[in-house]
Amino acid sequence: MSMKMPMINQCGMMECAYNSEKNCHALAITVGGSNPFCDTYMDEAQKGGDIESIGGVGACKVMNCIHNSSLECIADNIQVGSHAGKAECNTFQERM
Ligand code: SF4
Ligand code: SF4
């Protein structure tokens, strides 16, 4: 069964090169590691990405999230926020 890429509904990391008006314009981000942080975040004044499209989650390495299946995100969509200067996936929910 093929997977659908979850869209990034909103991102609060305005200083990220891929962010424009709280939208992510990277084609596909990577989330992850031991914390649910956006690995694609780039603190850069010059803007990048494709302004015509809204970014999605290409891969997620956060295995202890209930939305993670086989190292992919299976949420319908996610939101990213700024937490202590880090771009964190707000949709993360710890698997108990
Ligand atoms: S989701 Fe990640 S790459 Fe996209 S704008 Fe936010 S911090 Fe940047
Ligand atoms: S919701 Fe969970 S699986 Fe999806 S990107 Fe966020 S941390 Fe990864």
Side-chain angles (χ1 to χ4, degrees):
M1 195 171 71
S2 66
M3 285 175 158
K4 187 170 103 9
M5 191 189 300
M7 292 291 108
I8 302 159
N9 264 356
Q10 183 177 304
C11 175
M13 289 300 277
M14 306 293 285
E15 61 272 49
C16 176
Y18 295 104
N19 194 304
S20 172
E21 297 179 349
K22 293 196 171 179
N23 288 317
C24 175
H25 297 288
L27 290 182
I29 67 166
T30 299
V31 177
S34 47
N35 294 303
F37 297 151
C38 174
D39 273 355
T40 310
Y41 167 75
M42 190 178 173
D43 186 357
E44 173 63 58
Q46 186 179 328
K47 292 293 176 183
D50 177 6
I51 199 74
E52 301 294 326
S53 59
I54 299 293
V57 184
C60 178
K61 297 176 272 182
V62 186
M63 296 176 78
N64 68 335
C65 175
I66 61 165
H67 300 295
N68 196 296
S69 174
S70 304
L71 297 172
E72 298 287 352
C73 178
I74 57 169
D76 287 338
N77 48 64
I78 71 160
Q79 290 201 9
V80 176
S82 174
H83 295 276
K86 300 278 189 186
E88 187 169 344
C89 176
N90 286 338
T91 311
F92 167 77
Q93 220 179 316
E94 190 172 4
R95 200 190 298 274
M96 293 299 172

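Owing to the predicted nature of the structure, the values given are computational and were not obtained by experimental measurement.
- When all heavy atoms of A87 and Y41 are compared, the pair lying nearest together is CB-CB, 4.3 Å.
- The OG atom of S70 sits 5.5 Å away from atom CE of M3, with the distance rounded to the nearest 0.5 Å.
- Rounding to the nearest 0.5 Å gives a distance of 8.0 Å between CG of N23 and CD of Q10.
- A side-chain contact (heavy atoms from CB on, under 4.5 Å) with F92 is found for exactly one of N64, V80, N68, namely N64.
- For the residue pair Q46 and A17, the shortest heavy atom distance occurs at O-CB, 3.5 Å.
- In terms of heavy atoms, I8 sits closest to C24 at CD1-SG, 3.7 Å.
- With T91 contributing its side chain and Q79 its backbone, the two residues share a donor-acceptor pair below 3.5 Å.
- Taken to the nearest 0.5 Å, the SG atom of C16 stands 9.0 Å off from the CD1 atom of I29.
- If you take CE on M13 and CE on M42, they are separated by 13.5 Å, rounding to the nearest 0.5 Å.
- Nearest heavy-atom pair across A28 and T40 is O-OG1, 4.4 Å.
- D39 pairs by the salt bridge (charged side-chain N to carboxylate O under 4.0 Å, His left out) definition with K61, not counting sequence neighbours.
- Note that SG of C65 is 7.0 Å distant from CZ of R95, once rounded to the nearest 0.5 Å.
- Across all their heavy atoms, G85 and S82 have their closest contact at N-OG, 4.2 Å.
- Residues satisfying the side-chain contact (heavy atoms from CB on, under 4.5 Å) criterion with N35, sequence neighbours excluded, are F37.
- Counting all heavy atoms, side chain and backbone alike, C89 lies closest to V31 at CB-CG1, 4.4 Å.
- Remark: side-chain polar atoms of K4 are not paired, donor with acceptor, to backbone N or O of I74 under 3.5 angstrom.
- By the 4.5 Å heavy-atom criterion applied to side chains, M96 and I66 are not counted as neighbours.
- C11 SG to N9 CG: the interatomic distance, rounded to the nearest 0.5 Å, is 11.5 Å.
- By the side-chain contact (heavy atoms from CB on, under 4.5 Å) test, M14 pairs with N19, K22, sequence neighbours left out.
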